[in-house]
Amino acid sequence: MRKVYLDNVATTPILLEAVEVMLPYLREVYGNPQSLHSWGDEAREAIDIAREQVAALIAGNPEEIVFTSSGSEANNLAIKGLAQAQAGKGKHIIVSAVEHFSVLHAARTLEKAGFELTIVPVDKYGLTDPDEVAKNIRKDTILVSIMHANGEVGTIQPVAEIGMKIKETGVLFHTDAIASTGNIGVDVKGLGVDALSLAGNQFYGPKGSGALWVRKGLRLIPLMDGGVQEGGRRPGTENVPAIVGLGKAAELAQRDMPSRMEKLSHLRDKLIDGILTTIDHALLTGHPSQRLPHHASFCIEFIEGEAMLMLLNSQGIAVSSGSACTSQALKASHVLIAMGISHEIAQGSLLFGLGVDNNEGDIDYVIEKLPPIVSKLRQMSPLYARFMKEHRG
Amino acid sequence: MRKVYLDNVATTPILLEAVEVMLPYLREVYGNPQSLHSWGDEAREAIDIAREQVAALIAGNPEEIVFTSSGSEANNLAIKGLAQAQAGKGKHIIVSAVEHFSVLHAARTLEKAGFELTIVPVDKYGLTDPDEVAKNIRKDTILVSIMHANGEVGTIQPVAEIGMKIKETGVLFHTDAIASTGNIGVDVKGLGVDALSLAGNQFYGPKGSGALWVRKGLRLIPLMDGGVQEGGRRPGTENVPAIVGLGKAAELAQRDMPSRMEKLSHLRDKLIDGILTTIDHALLTGHPSQRLPHHASFCIEFIEGEAMLMLLNSQGIAVSSGSACTSQALKASHVLIAMGISHEIAQGSLLFGLGVDNNEGDIDYVIEKLPPIVSKLRQMSPLYARFMKEHRG
Amino acid sequence: MPVYSEKVMEYFMNPRNVGEIKDADGIGEVGNPVCGDMMTFYIKVKGNRLEDVKFQTFGCGAAIAVSSMVSEMAIGKTLEEALTITPSMVAQELEGLPKNKFHCSNLGAQALRKAIRDYANKKGIKIKGLEEKGEEDEEGEES
Amino acid sequence: MPVYSEKVMEYFMNPRNVGEIKDADGIGEVGNPVCGDMMTFYIKVKGNRLEDVKFQTFGCGAAIAVSSMVSEMAIGKTLEEALTITPSMVAQELEGLPKNKFHCSNLGAQALRKAIRDYANKKGIKIKGLEEKGEEDEEGEES
Ligand SMILES: Cc1ncc(COP(=O)(O)O)c(C=O)c1O
Ligand SMILES: Cc1ncc(COP(=O)(O)O)c(C=O)c1O
């Protein structure tokens, strides 16, 4: 059976070139970067190089990079660390309604601890209105966090415009660029942000690797206490192989970005066309053009996401869904709901993350296999039966 | 030149068997364990196995294991997470004076947030008196954290006795077993603890791997917010290869513990004997017998640790020191100071962490190379000159 | 994938008794698409026995497998026997369900019960096992 | 290892002018083992020039390299010239020092100055460049 991995939004595979550079640091170069001997030196030098590679990808400075163990950790460090460091100035925070839970719930945790939270809405494409953000800034606002690209619907937010709008207020501006970094151009200066989160496993780097870029001079209260690693901002023995792999992935992403984007957006457009033309009552979620080049997301009406996932998996196809049944909490995606999609339709969420390993054949295969799966489930669906009665019968 | 790595207390190398099991999860098995398809299944199953392996090493249950990215993270999660979850009952915390900074500074952070902290002293061997701990328990005490073994001086604390003494008070008891787990027998039931931290890179597992064991049913406020990974206790895409490697290292540690302990304690005794007999005014730090089998630590009087490290490194030997000059903060080890060692003598701290790769030849080499290094530095030392004048001249 | 038993997978991949019975003797609908699952059961009664049971389900793999299992368990049983089918019996027949999918097994048993109630109401008869629970209880039971 | 320049490494591994001058004309001691570093400088003066400079140092690699460099820079200089040696000149000659080791270069220059002061006090002479700073300032300068 053909195997088609289209869940690169959940995690990408690692590129072999990145694995190769990690291997020595898994095996022979095992020193602790904090150690004062040549074993330590080799490890420290490797981290220094990775820091430069990651900084280069986002046009930041190496000393502004704080390595973390995941994107979620980078987001938590940014939200909690910046808000707590600024708490003397005010207690008001603004985030968008479609942030990842590592931002949204971090902000909620701060809310419980006495901060005030404003959640700005999004439109039906998942876009935040820059004016809406600016309008909500108050005297005591200390932090705004608006994601760069949404992992569930692929929409790219107008971060640079928001940055411009709020620049003169002096309020700190963080962006969760975990879904975007390495996939599209990300430039901290161009975006006008003060802090930015990224994660290696979103662009063919290793799991367990993430980073927070924080503008030089900005105070940050660490999430964890301990040693002096990462300039005292993130303690614990450094995960040298993961950091090295992240660095290499950053370098490769920078090098290959134009060709990857071209290839992936072509495949994506083919997939979107194929699905919308072969399946009735399928809805593209997110913005039609202002979206990640490797991202295609839909709601397929009258049926439920988990059931689709399982049948697709039985055909060797891996995708994700934001349906309630696929979430541990059995709640429909807060992103789809925030975009005004009904709970019923949100149940049919299906999300494709294309990757550099995919080819036209993969897309053809999906377009061949998905329609009969949808039909099979619709044949079982009381909603579809009712719809057919009402509209055809 | 011979290369002799004796800094296994800073970090161990990974055993090749552990690297081997990690490789597939770095390359072909790249799914996200949260994904609902066969790629995700394979990753999740691997984590489940690792969870069993780690639980088995410490005689806990798999569902009680929370994987973290480091020992420091496990300690922070334990101290902050348990204290915050118990804050309704009281605000008093007890730790020992020789805890690692990831415990001690975490407790200090809580102190700033309104908790009360009692730091119990240690004796000259670095031992905490169980009665001293029990004596300090108050009505509002919610958490005691006493490390199992100290990484700087190797002393093994009477954790089981402390556990017995405080059992009936119902106060939660955490132990930082990062330096001990995988190196000596660790049994959560025998120790009578409610939570225990461990780290893979202390027993031939990968960097970036750690775990907190928390007794079933205990509430824990997560350090980070986000997804539902690790039962909602630790969000972020799981670092599958690191977790798999940690699991394997746990299995190997359990299997080989007796033989490793025998080999290492033999080499350690040889090293201690060799140093104490060839170098005057050298002092073994920590407990003479109640210590980690792979741990030998000293203070070499009249000279400073970093200078020794550098000269040892020039001979291919890697060790650590707790001297002020080797610390970023230029402060002598709080552990040595808490044991009543003077700042002056603490400057001569030297710390050997033996590993399974070492052999008798390595020890002979150190015993050959260290004395002339000590002599050379003493020849430069005004303290030594003064001492010689006072005592010989 | 969710950690489903082989039996669940089999009943999901090859569901038994899918569809509508046009001239059903009783129809029971439970759940709500907003919550993620919705099931409609159709029964055909002959004498006192369930001659045929069919279902339509909007929902996850577990919901479909449960519907399928309930329909199979019910066919051929007397109405009284069918009413003794409990969610835990369904889960057991399916060789277990993940914890967060238990509610699906409730839904299945409820839908069948509702279809039988519909039949009883239409016929104006009483059936042993039916009167014990009010409709509201059924919707909420064990969930 | 600390990120030391090659020059620091060379002066640490092969320190120049280590030792005591038995009949020194001036002795200067700075630092404190509690803080981690202690240096004693011995000078031998001929005419107005530093004919010999020796040191003893308890401290890290940087402290030893600094002592060694200061002694080398001072030998052959007039007392007035020697007093113009600043911490930053020492650091520069050593091709840089890690940030948290700057204080070592202060210590070296201070110890030399103190030895010259000792000589001046013993001889009852004044030396240009010496009177400008009090002893307390020296201990604390730039640190
Ligand atoms: C006792 C103890 N606790 C905590 C740690 C922290 O471990 P890490 O820096 O790997 O997070 C160490 C490290 O050696 C340790 O020995
Ligand atoms: C936008 C965004 N933020 C944060 C995350 C969290 O990443 P992780 O779970 O790897 O920590 C993701 C993951 O896909 C994401 O897409």
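In what follows, every heavy atom counts, from backbone to side chain, and hydrogens, waters and symmetry copies are set aside. Chain naming here is simple, since letters A, B, ... match the order of the sequence lines and numbering starts at 1 in each.
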Count the heavy-atom pairs under 4.5 Å between each of A/K80, A/M224, A/H105 and chain B, then report the option with the highest count.
-> A/M224

Close side-chain approach of A/D7 to B/N32, heavy-atom, < 4.5 Å | no

Can you see which heavy atom on A/T237 is nearest to which on B/N201, and at what distance?
-> CG2-ND2, 3.6 Å

Portion of B/S102 that has a non-hydrogen atom of chain A nearer than 4.5 angstrom | both

Side chain from CB out, backbone as N, CA, C, O: work out which of these in A/L23 comes under 4.5 Å of a heavy atom of chain B, or both, or neither.
-> side chain

Quick one: what part of A/D225 sits under 4.5 Å from any heavy atom of chain B, side chain, backbone, both or neither?
-> both

Winner by heavy-atom pair count (cut-off under 4.5 Å) against chain A, out of B/L312, B/V103, B/V19, B/L15 | B/V19

If the plane angle is over 60° it's perpendicular, under 30° parallel, otherwise tilted; pick one for B/Y5 and A/W39.
-> tilted

Are A/Q34 and B/S320 side-chain neighbours, meaning at least one heavy-atom pair lies under 4.5 Å?
-> no

Of the backbone (N, CA, C, O) and the side chain (C-beta and beyond), which part of B/I243 lies under 4.5 Å from a heavy atom of chain A, both, or neither?
-> neither

Flag for B/R234-A/S69: side-chain donor and acceptor within less than 3.5 Å = yes

With respect to chain B, which residue among A/V29, A/I317, A/V228 yields the maximal number of heavy-atom pairs within a distance under 4.5 Å?
-> A/V228

Among B/P241, B/S209, B/P13, the residue with the most heavy-atom pairs under 4.5 Å to chain A is B/P13

Largest heavy-atom contact set with chain A, pairs under 4.5 Å, which of B/S321, B/G245, B/G236 = B/G236

Note, A/K207 side chain near B/Y25 side chain (heavy atom, < 4.5 Å) = no

Is any side-chain heavy atom of B/L36 closer than 4.5 Å to a side-chain heavy atom of A/E306?
-> yes

